[in-house]
Amino acid sequence: MDAILLQILNGLDKGSAYALIALGLTLIFGTLGVVNFAHGALFMIGAFCAVTLQRLLNLSFETIDETQTDFLGNALKVKTPYVEAWFGPQMGGAIIDWAVPLAILFAVPIMVFVGYAMERGLIKHFYKRPHADQILVTFGLAIVLQEVIKYFYGANPIQTPAPEALSGIVNVGAIIGMDIVYPVWRIVYFFFSLLVIGGIFSFLQFTTFGMVVRAGMADRETVGLLGINIDKRFTVMFGIAAAVAGLAGVMYTPINSPNYHMGMDFLVLSFVVVVVGGMGSLPGAVLAGFLLGILESFASMNEIKSIIPGIDQIIIYVVAIIILLTRPRGLMGRKGVMED
């Protein structure tokens, strides 16, 4: 039972990332009808926003510390971060330690701008083009962004630690009388993803802006005839979808050290999640994300792999094939989406 609960936790952890990225993908497809193969690159950019902020906070200057000497008796040069000089060692150290959560504030405006620039500069020219053209151009954009990150940050993974207070482990099984320890940050990531998902659904469900967007997703032409500039609202949604992917990347950095190809690693899996959930279905994307994350986690158990070697690498695709054979529109897909 301990092993089963541990795999469920691992699955919710993976599923959180899948669900957040798939949610952003579905927002873009549901509003603009664009198959955005550059969405994984937005996840990567969000992760490197956290890396960038960490580097900025660690910028330092050298001073001579007379209290410390080398073996020859010469005073040593000591590097002091500017943040510590401005706010004091204790406050400055805390700011540096909490660089990843603070990167949320740093990343949101950047990701919204990147999403807006991507939509206005490129995507809008492909609204009426075939989906194959959209896939080719956005996939090409993803490769360009990947190489830009590789040029500026290098090819090696960059460690981005979680705050010290959230970097340990906790006995999550104590509540039910079991001994199950789990990393605190992975639990934080899961609840963070629920917060973001809940925020997006609440925004679409309970705000006037969101209601208009949902109406536009259902019948774009009718909403336009009412005198509402639905295109402008859809552009805003593209920026929001980019921010969701960026936030997923920011908070994932302590779990998986950022590297230039991490966007591609998640891209294909996220599209499988979207297809399984149902193209254009936001609840379907979230449900499929957590479901496939849990299945992948169980498939990675040694007991399972000893019976079916390599099953952990293909389980998601096997499940996708089975679901699409039995439910061609996915778990919660809508009639008419990508069927023309």
Side-chain angles (χ1 to χ4, degrees), residues 17-52 103 106-153 155 196 200 217 231 233-253 256 258-277 279-280 282 285 288-289 337-338:
Y18 294 159
L20 284 176
I21 301 174
L23 180 63
L25 274 169
T26 306
L27 277 173
I28 292 174
F29 182 81
T31 55
L32 302 173
V34 174
V35 182
N36 181 23
F37 256 63
H39 202 71
L42 297 175
F43 176 78
M44 173 194 66
I45 292 172
F48 278 91
C49 283
V51 171
T52 302
F106 179 70
V108 167
I110 292 176
M111 296 309 304
V112 170
F113 173 77
V114 170
Y116 179 84
M118 184 186 297
E119 194 274 338
R120 289 288 87 190
L122 181 66
I123 302 297
K124 73 173 185 179
H125 301 292
F126 289 83
Y127 287 158
K128 298 181 180 180
R129 300 279 289 273
H131 290 305
D133 291 355
Q134 297 170 359
I135 291 173
L136 286 173
V137 73
T138 54
F139 186 73
L141 177 61
I143 294 175
V144 170
L145 293 174
Q146 176 178 287
E147 292 303 312
V148 169
I149 292 294
K150 182 180 178 181
Y151 177 81
F152 285 104
Y153 292 90
V196 173
I200 293 296
M217 292 170 68
D231 290 338
R233 292 174 186 257
F234 283 173
T235 300
V236 173
M237 291 307 300
F238 197 105
I240 292 175
V244 170
L247 291 177
V250 167
M251 296 295 283
Y252 204 73
T253 51
N256 186 16
N259 55 74
Y260 73 97
H261 57 77
M262 67 185 302
M264 290 296 185
D265 294 342
F266 275 90
L267 176 64
V268 176
L269 291 174
S270 299
F271 262 98
V272 173
V273 170
V274 170
V275 172
V276 169
M279 294 297 289
L282 297 177
V337 177
M338 290 195 77

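As the structure is a prediction and not an experimental result, all values here were calculated from the model.
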In Å and rounded to the nearest 0.5 Å, what is the [atom1] to [atom2] distance from [X] to [Y]?
X      : Y      : atom1 : atom2 : result
His39  : Leu23  : NE2   : CG    : 8.0 Å
Arg129 : Ile123 : CZ    : CD1   : 12.0 Å
Leu20  : Ser270 : CG    : OG    : 9.5 Å
His261 : Ile143 : NE2   : CD1   : 14.0 Å
Arg120 : His125 : CZ    : NE2   : 8.0 Å
Ile149 : Asn259 : CD1   : CG    : 11.0 Å

Provide the full list of side chain to side chain donor-acceptor pair (under 3.5 Å) pairs with a residue in residues 134-148, sequence neighbours left out, each pair given once.
-> His131-Gln134

Would you mind writing out the side-chain donor-acceptor pairs for residues 238-253 within the sub-3.5 Å range, not counting sequence neighbours?
unit_1: Thr253; atom_1: OG1; unit_2: Val250; atom_2: O; d: 2.7

Take atom OH in Tyr116; do more than 12 heavy atoms of anything else shown fall under 6.0 Å from it?
-> no

Start with the C-alpha distance between Phe126 and Val137, add both sets of side-chain angles, then the distance that settles side-chain contact (heavy atoms from CB on, under 4.5 Å), and finish with yes or no.
-> CA-CA 9 Å; Phe126 289 83; Val137 73; 3.8 Å; yes

Test side-chain contact (heavy atoms from CB on, under 4.5 Å) on Val114 and Ile110 and set out the steps.
-> CA-CA 6 Å; Val114 170; Ile110 292 176; 4.3 Å; yes

Looking at every non-hydrogen atom in both residues, tell me the closest pair between [X] and [Y] and how far apart they are.
X      : Y      : answer
Met262 : Asn256 : CE-O, 4.5 Å
Met111 : Leu42  : CE-O, 3.3 Å
Gly40  : Leu267 : N-CD1, 3.7 Å
Ala103 : Ala50  : CB-CA, 3.7 Å

For Phe271, which of Phe139, Phe37, Tyr18, Phe266 qualifies under ring-ring contact (aromatic ring centres under 6.0 Å, His included)?
-> Phe37

Could you check if a side-chain atom of Tyr153 sits within less than 4.5 angstrom of a side-chain atom of Val51, using non-hydrogen atoms only?
-> yes

